[in-house]
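Worksheet: the structure to be examined is printed underneath.
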Amino acid sequence: MPELPEVEGVVRQIRPAAIGKKIEEVFVSDTIRVSKTSGKEAIIKRMETDMFISRLMGAQIISVERRSKYIYFTLKKDGEFLLVNHLGMSGAWFYVDSLLSIGEEKFRKHVHVVLSLSDGNLLAFSDIRRFGEMRVLKEETDFPPLLLMAPEPFEESALAHFLQMAESPKYQNKPIKEVIMDGQVISGCGNIYATEALFKMKIHPNRAAKRISRTRKVELFQTIVAILLESIEAGGSTISDYRNVNGESGNMQNRFGMYGKKQCMECGSMTKSLQIGGRTSVYCPTCQK
DNA sequence: TTTTTGATCCGGAAGC
DNA sequence: TGCTTCCGGATCAAA
């Protein structure tokens, strides 16, 4: 599951490959075409397939940036506009000379959008579960949820924003895990890194936000930021379906203390799991209070 | 009005 | 082996 560090890795690799290139052709898989034709919002959101293709065709890629877990491609054709992409559960980009160069079959057979670039190479978007998203926007304001996202966690304003949100009426009674996984509170922290940060801080995931002191909240925020940075350094985490643009897995999963563990790496207790905000939360009943 | 729940996008892993 | 069930980021409509 790609979270912020994985998306950052992808963006860093796509950027040098894509910037300045022109999109000469756009290919959308038959699977997506059929789903779209039957009225579903499969990957390409709020736009018909043919319109999506004609908007991208002939555009030049000006920049590739990450915002939270989203990838923003700034494109230029007449004026500038955005292609906003979310990797969802299993989305992956490959920069290859041919689709046959995608090594693993499970990715190769689920390629759904291909951008053919002016350097002769392809930027191919593969998505096994099709939870990924592509949106063509005139500007960011055309998709309001983007504007509600918390600041980037590495920005100076992010800590104050986090404290203000976590202590607001809407969030103060909620389990802390649900709070830190909310993109309006902190950007880019999903189940994996929330689990790891709470384990490191020895905080029970179900503890109400207001039952954590200001000092501990600050420490928790700093722990999340540190883990995100550590993961970026490690090339992200590969749980099942994350691959970088060269098809490689990350290494961060080898440093986990809790996520996906049956036994606590600290004390050896059997871990427990519970549903918080509709998501599975693993924790150590001995270490996390 | 606000918050919560459920459906939606799916294939694959796991359990029987 | 084949069937059923469960899982998940994020959004959006419905309750």
Side-chain angles (χ1 to χ4, degrees), chain A residues 1-8 10 28-49 52 66-72 84-93 104-113 125-137 140-150 153 165 168-175 177-195 205-206 208-209 228 231 236-243 253 259-260 262 273-282:
Chain A
M1 292 163 282
E3 296 184 20
L4 185 151
E6 292 76 35
V7 179
E8 177 65 23
V10 168
V28 175
S29 72
D30 287 343
T31 311
I32 294 304
R33 284 178 181 277
V34 169
S35 285
K36 295 274 298 164
T37 303
S38 68
K40 293 178 179 172
E41 288 272 276
I43 299 184
I44 299 168
K45 308 293 182 186
R46 298 292 159 98
M47 189 174 274
E48 286 181 14
T49 310
F52 176 80
R66 180 190 58 73
R67 175 75 177 90
S68 188
K69 301 178 199 171
Y70 290 88
I71 302 172
Y72 284 34
V84 177
N85 167 241
H86 194 293
L87 301 178
M89 294 290 302
S90 53
W93 283 98
E104 293 175 86
E105 193 197 346
K106 68 171 177 174
F107 288 97
R108 198 167 56 239
K109 77 178 196 191
H110 293 287
V111 168
H112 290 304
V113 177
F125 182 70
S126 168
D127 191 352
I128 297 168
R129 287 181 190 69
R130 293 184 239 167
F131 275 33
E133 291 182 16
M134 299 258 188
R135 293 171 197 275
V136 173
L137 305 174
E140 211 179 16
T141 51
D142 289 343
F143 187 54
L146 299 177
L147 303 175
L148 297 173
M149 284 191 293
M165 293 293 273
S168 72
K170 182 177 172 186
Y171 291 104
Q172 60 170 350
N173 291 315
K174 290 191 172 176
K177 178 146 180 293
E178 197 177 331
V179 174
I180 60 177
M181 283 179 64
D182 189 316
Q184 296 186 28
V185 179
I186 299 177
S187 276
C189 179
N191 206 0
I192 296 171
Y193 300 108
T195 298
N206 218 11
L228 292 175
S231 181
S237 307
T238 293
I239 300 305
S240 57
D241 296 328
Y242 169 68
R243 298 292 185 280
Q253 67 279 6
Y259 188 86
K262 290 201 165 63
S273 82
L274 103 148
Q275 290 291 116
I276 298 174
R279 298 191 186 122
T280 304
S281 302
V282 187

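Throughout, a chain's letter reflects where its sequence line sits, starting with A, and its residues are numbered from 1.
- Atom CD1 in A:Ile32 sits roughly 9 Å away from atom P in B:dG11 (whole-Å rounding).
- Between the CG atom of A:Leu148 and the P atom of C:dC12 there is a distance of 10 Å, given to the nearest Å.
- Among the nucleotides C:dA10, C:dT11, C:dC7, the one closest to the side chain of A:Arg279 is C:dA10.
- Distance from the side chain of A:Ala42 is smallest for B:dC9 among the nucleotides C:dC12, C:dG8, B:dC9.
- Side-chain proximity of A:Lys40 to the nucleotides B:dC9, C:dC12, C:dG8 is greatest for B:dC9.
- Residues A:Pro169 and A:Ile128 both approach DNA chain B. Their nearest nucleotides, taken by heavy-atom distance, put A:Pro169 toward the 5′ side.
- An OP1 or OP2 oxygen of C:dT11 is reached within less than 4.0 angstrom by no side-chain nitrogen or oxygen of A:His86.
- In this entry the distance linking CG of A:Leu274 with C1' of C:dC6 reads 17 Å, nearest Å.
- Distance, A:Tyr242 OH to B:dG12 P: 20 Å, rounded to whole Å.
- Ion pairing between A:Lys45 and A:Glu133 fails under the 4.0 Å rule for side-chain N and carboxylate O.
- If you check B:dG11, B:dC9, C:dT11 against the side chain of A:Arg130, the one that comes closest is B:dG11.
- Closest to the side chain of A:Lys109, from the set B:dG12, C:dG8, C:dT11, is B:dG12.
- A donor-acceptor pair under 3.5 Å is absent between the side-chain atoms of A:Arg130 and the main chain of A:Gly132, judged by distance alone.
- Here B:dT2 presents its C1' atom at 14 Å from CG of A:Asn173, a figure rounded to the nearest Å.
- Across all strands, A:Lys69 comes closer than 4.0 Å only to sugar-phosphate atoms, never to a base (heavy-atom distances).
- Comparing C:dG8, B:dT4, B:dC10 by their nearest atom to the side chain of A:Lys174 picks out B:dT4.
- Residue contacts shown for A:Ser35 are limited to sugar-phosphate atoms, with no base heavy atom under 4.0 Å away.
- Nearest-nucleotide assignment on DNA chain B puts the 5′-proximal partner with A:Gly39, out of A:Gly39 and A:Lys106.
- Residue A:Thr280 has a polar side-chain atom (N or O) positioned under 4.0 Å from OP1 or OP2 of C:dG8.
- Residue-nucleotide stacking is present for A:Phe131 and B:dC9, judged by a side-chain ring centre under 5.5 Å from the six-membered base ring centre and planes under 30° apart.
- Distance, A:Leu87 CG to B:dG11 C1': 17 Å, rounded to whole Å.
- Rounded to whole Å, the distance from CD1 on A:Ile71 to P on C:dA10 is 13 Å.
- Under a 3.5 Å cut-off, the side chain of A:Ser187 and the backbone N or O of A:Pro153 do not form any donor-acceptor pair.
- The listed nucleotides are C:dA10, B:dG11, C:dG8; the one nearest the side chain of A:Tyr70 is C:dA10.
- The side chain to side chain donor-acceptor pair (under 3.5 Å) check on A:Glu105 picks up nothing, with sequence neighbours excluded.
- With a 4.5 Å cut-off on side-chain heavy atoms, A:Ile32 and A:Val113 do not count as touching.
- The backbone N or O of A:Ser237 lies less than 3.5 Å from a partner atom in the side chain of A:Glu6, making a donor-acceptor pair.
- Rounded to a whole Å, the NZ atom of A:Lys36 is 17 Å from the P atom of B:dT8.
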